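Here's the structure, in structure tokens; my notes come after.
Keep in mind the model is a prediction, meaning the values are calculated, not measured.
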Amino acid sequence: MSNKKILITDAPDKFAVLTAIWILACNDENSIMSYKGIQYRLNLPDDFDVKELVHSRGELFRKGLHADRLEDWKSKLIKNSKNRSSWIRALGSEENQIKAIEELSSNDVFRSQFRAAEGAPKSPIEIIDWGLQHIDRIRKASMETKEQNAKSKEVQLVLIISALNVIISILALISK
């Protein structure tokens, strides 16, 4: 199986991506997630801004990591290659993998709000479900706003066309 990116003509649905990130952050063996790891695992286009999406949902995700904890996590990754994320292993040589790990900063990682402590277990189904319902409420509110904006533009267009018809009718009467 090749690891080629699938060409998608439309941008990925941000709520579908948010849902996937939420599930991964709640359920992954490692509570510390990297933006590059999410990009790789979800096979997202290079221009998809995972970091911005995660930062926009502070009620779900905790950005960054304390420096001491980050260094401890990186040290464990360097010592035990089995714990490395797939995006790191995909870099090939041990040298490339270690370099990528060493370059990780607090700005490159995040966690679920509910897995903030070191060694936090996977989230219970109730927490995962709460997050999924929360994302669905946000998605519905976004769709309703878009629908309201579209209806408002339709009304404006009808008013403009009506006004143009009146102006054209008046000009036709005057020119006779």
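Between E59 and R57 there is a salt bridge, with a side-chain nitrogen of the basic residue lying less than 4.0 Å from a carboxylate oxygen of the acidic one. Looking at D28 and R41, a side-chain N of the basic residue comes within less than 4.0 Å of a carboxylate O on the acidic one, giving a salt bridge.
Between the D108 side chain and the S105 main chain, a donor and an acceptor come within less than 3.5 Å of each other. Using modelled atom types, no side-chain atom of K122 and backbone atom of C26 make a donor-acceptor pair closer than 3.5 Å. Checked by atom type and distance alone, the side chain of S106 pairs as donor or acceptor with a backbone atom of L65 at under 3.5 Å. Proximity of a side-chain donor or acceptor of R111 to a complementary backbone N or O of A116 within less than 3.5 Å is detected. Looking only at distances, a side-chain donor or acceptor of K51 sits under 3.5 Å from a matching main-chain atom of N107. Using modelled atom types, one side-chain atom of R115 and one backbone atom of A120 make a donor-acceptor pair closer than 3.5 Å. Listed for the W22 side chain is a donor-acceptor partner under 3.5 Å among the backbone atoms of I128. No side-chain donor-acceptor contact under 3.5 Å links R139 to the backbone of F15. Using a distance-only test at 3.5 Å, with no hydrogens or angles considered, a donor-acceptor pair links the side chain of S34 to the main chain of G37.
A pairwise comparison of heavy atoms in M33 and I38 identifies CE-CD1, 3.9 Å as the closest pair. Shortest non-hydrogen contact noted between S31 and R69 is OG-NH2, 3.6 Å. Across all their heavy atoms, L77 and N83 have their closest contact at CD2-O, 3.2 Å. The shortest non-hydrogen separation linking L104 to K74 is O-NZ, 2.8 Å.
When side chains are defined from C-beta on, W130 counts as touching L60, because their heavy atoms get closer than 4.5 Å. Contact check for V17 versus D13: no side-chain heavy atoms found under the 4.5 Å cut-off. Contact check for L18 versus L53: side-chain heavy atoms found under the 4.5 Å cut-off. By the 4.5 Å heavy-atom criterion applied to side chains, S169 and L173 are not counted as neighbours.
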Determine, step by step, whether Q97 and R89 satisfy the side chain to side chain donor-acceptor pair (under 3.5 Å) criterion, reporting the C-alpha distance in whole Å, the side-chain angles of both residues, the deciding distance to 0.1 Å, and the verdict.
CA-CA 6 Å; Q97 290 181 35; R89 288 193 309 269; over 6 Å; no

Apply salt bridge (charged side-chain N to carboxylate O under 4.0 Å, His left out) to the pair K99 and E103, showing each step before the final yes or no.
CA-CA 6 Å; K99 182 178 181 219; E103 289 176 351; 3.7 Å; yes

Verdict with supporting geometry, L132 and I23, side-chain contact (heavy atoms from CB on, under 4.5 Å):
CA-CA 8 Å; L132 294 174; I23 291 170; 4.1 Å; yes

Take R84 and I101 through the test side-chain contact (heavy atoms from CB on, under 4.5 Å) and record every step on the way to the result.
CA-CA 9 Å; R84 294 179 189 165; I101 293 167; 3.6 Å; yes

Evaluate the criterion side-chain contact (heavy atoms from CB on, under 4.5 Å) for residue pair L42 and V50; output intermediate values, then yes/no.
CA-CA 10 Å; L42 299 180; V50 173; over 6 Å; no

Decide yes or no on side-chain contact (heavy atoms from CB on, under 4.5 Å) for K63 and V54, but give the supporting numbers first.
CA-CA 8 Å; K63 56 188 174 188; V54 167; 5.5 Å; no

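Atoms NZ and OG, on K140 and S142 in that order, are 13.0 Å from each other to the nearest 0.5 Å. Once rounded to the nearest 0.5 Å, the distance linking NZ of K14 with CD of E52 reads 7.5 Å. Between atom OH of residue Y35 and atom CG of residue L44 there is a gap of 14.0 Å, rounded to the nearest 0.5 Å. A distance of 7.5 Å separates CD1 in I125 from CG in N27, rounded to the nearest 0.5 Å. In this structure, CG on D129 lies 4.5 Å from CD on Q133, to the nearest 0.5 angstrom. One finds the OG atom of S75 at 11.0 Å from the CG atom of L70 (value rounded to the nearest 0.5 Å).
A perpendicular orientation is assigned to the rings of F110 and F61, their planes being inclined by more than 60° (bins at 30° and 60°).
Annotation for E94: atom CD counts as buried by contact number, over 12 foreign heavy atoms lying within 6.0 Å.
Residues passing the side-chain contact (heavy atoms from CB on, under 4.5 Å) test with K76 are D72, E118, sequence neighbours excluded.
One hydrophobic cluster, built from ILVMFWY side chains closer than 4.5 Å, holds both I174 and V166.
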